[in-house]
Amino acid sequence: MTTPGLSPNSSPVSDPTQFGRALDQLGITYIAARSPQAKGRVERLWGVLQDRLCSELCSELRLAQACDLDSANAVLAHFVTDYNRRFARRSRETATAWRPAPPDLDRICCFVHSRVVSNDNVVQWNGRRLQIPSQARRFSFAGAKVNLYHALDGRISLYYRETKLQHTLAPPG
């Protein structure tokens, strides 16, 4: 695994990108293709697929007289099966690389922003003011560093270390 904030063949950066942070939390190593030779193999594949899809698939669609979505999908399924029969190769490693999703996936696949709580227990972000009421373990979070998690569906969560904080939308001011 790479060091957080470092990408292969680069110098240290102060903060990784949101994507880099998520990959690091998932334990995924990002390997950039930094040369045309490294990119060539996948680009060649896309060129072949685009060429074959345009020529072979279009002629197969005409021959099959596919005039609706179901018949076109049947022709495509036949094309994929034939393509895999001719070009697919078995993997050298047979062990599966799949892992179960972590339980905190919603805290990984989101945007994370660090904020410092103001003296009136408010966190400001993106033109919003989020009021943190007194919590069970702590009366005030003034001056504390919290993480704001902005989920892809728009939900906002505030965390102080591993503790989720209750919050409300404060009036502008």
Side-chain angles (χ1 to χ4, degrees), residues 1-115 125-128 130 145-159 161-165:
M1 182 163 43
T2 60
T3 306
L6 290 178
S7 59
N9 305 322
S10 72
S11 59
V13 291
S14 59
D15 290 320
T17 62
Q18 295 284 344
F19 182 71
R21 174 201 48 81
L23 288 179
D24 185 52
Q25 287 178 297
L26 290 168
I28 298 172
T29 302
Y30 172 72
I31 302 171
R34 299 200 180 271
S35 70
Q37 292 82 4
K39 294 177 186 177
R41 190 172 195 171
V42 74
E43 293 298 331
R44 226 175 3 266
L45 170 67
W46 289 122
V48 166
L49 286 176
Q50 194 171 27
D51 182 52
R52 288 181 191 270
L53 280 173
C54 289
S55 60
E56 289 183 29
L57 191 56
C58 288
S59 62
E60 287 183 37
L61 286 168
R62 274 194 301 277
L63 289 172
Q65 296 179 344
C67 57
D68 62 3
L69 186 59
D70 290 333
S71 57
N73 280 336
V75 171
L76 180 61
H78 179 267
F79 173 83
V80 169
T81 302
D82 183 55
Y83 183 86
N84 286 339
R85 179 187 56 77
R86 291 189 289 166
F87 300 107
R89 299 288 176 260
R90 290 216 178 268
S91 174
R92 278 183 264 152
E93 295 182 29
T94 57
T96 181
W98 294 106
R99 298 178 294 187
D104 58 346
L105 190 60
D106 60 334
R107 285 183 62 190
I108 295 171
C109 296
C110 65
F111 297 99
V112 181
H113 307 281
S114 293
R115 292 291 185 267
W125 174 76
N126 206 21
R128 298 181 195 169
L130 306 170
K145 185 177 178 182
V146 296
N147 283 326
L148 183 143
Y149 291 82
H150 182 210
L152 300 177
D153 65 3
R155 288 177 293 123
I156 305 277
S157 302
L158 291 176
Y159 280 84
R161 298 183 182 146
E162 293 302 311
T163 304
K164 187 173 183 176
L165 302 176

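Just so you know, these numbers come straight off a predicted model, no measurement behind them.
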Within this structure, what is the [atom1]-[atom2] distance for the pair [X] and [Y], rounded to the nearest 0.5 Å?
X: Cys67; Y: Arg62; atom1: SG; atom2: CZ; result: 14.5 Å
X: His78; Y: Leu76; atom1: NE2; atom2: CG; result: 11.5 Å
X: Leu61; Y: Ser71; atom1: CG; atom2: OG; result: 8.0 Å
X: Asn84; Y: Phe79; atom1: CG; atom2: CZ; result: 9.5 Å

Shortest non-hydrogen contact from [X] to [Y]?
X: Glu60; Y: Val75; result: CB-CG1, 3.8 Å
X: Gln18; Y: Cys110; result: OE1-O, 3.7 Å
X: Arg107; Y: Glu162; result: NH1-OE1, 3.3 Å
X: Ala101; Y: Leu105; result: CB-CD2, 4.1 Å

query: For Phe87, what residues pass the ring-ring contact (aromatic ring centres under 6.0 Å, His included) criterion, not counting sequence neighbours?
result: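 Partners of Phe87 by the ring-ring contact (aromatic ring centres under 6.0 Å, His included) criterion, ordered by chain and then number, come out as Tyr83.
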
message: Would Arg85 and Asp82 count as a salt bridge (Lys or Arg N to Asp or Glu O under 4.0 Å) here? Give the steps.
response: CA-CA 5 Å; Arg85 179 187 56 77; Asp82 183 55; 2.5 Å; yes

Validation row: Leu152, Phe111 side chains within 4.5 angstrom (heavy atoms): yes

Any Pro102 side-chain heavy atom under 4.5 Å of Ile108 side chain: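 The answer is yes, as the side chains (C-beta and beyond) meet within the 4.5 Å cut-off.
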
- prompt: Between the main-chain N or O of Leu158 and the side-chain N or O of Arg115, is there a donor-acceptor pair closer than 3.5 Å?
  reply: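 No, the answer is negative, given that no donor and acceptor are paired below the 3.5 Å cut-off.
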
message: Given Leu148, which partner from the list Asn126, Leu130, Leu165, Val112 fulfils the side-chain contact (heavy atoms from CB on, under 4.5 Å) test?
response: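 Filter result, single survivor: Leu130.
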
Going by atom type alone, with no hydrogens or angles, which donor-acceptor pairs under 3.5 Å involve a side-chain atom of residues 89-97 and a protein atom two or more places apart or on another chain?
residue: Ser91; atom: OG; partner: Glu93; partner atom: N; Å: 3.3
residue: Ser91; atom: OG; partner: Glu93; partner atom: O; Å: 2.8
residue: Thr96; atom: OG1; partner: Trp98; partner atom: N; Å: 3.3

- prompt: What class does the angle between the rings of Tyr30 and Phe19 fall in, given that below 30° is parallel, 30 to 60° is tilted and above 60° is perpendicular?
  reply: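 The rings of Tyr30 and Phe19 stand perpendicular, inter-plane angle above 60°.
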
field: Working for side chain to side chain contact (heavy atoms under 4.5 Å, CB included), residues Arg128 and Ile156
entry: CA-CA 11 Å; Arg128 298 181 195 169; Ile156 305 277; 3.6 Å; yes

- prompt: Counting only heavy atoms not in Arg86, do more than 12 sit closer than 6.0 Å to its CZ atom?
  reply: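 For Arg86, atom CZ is crowded (more than 12 foreign heavy atoms under 6.0 Å).
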
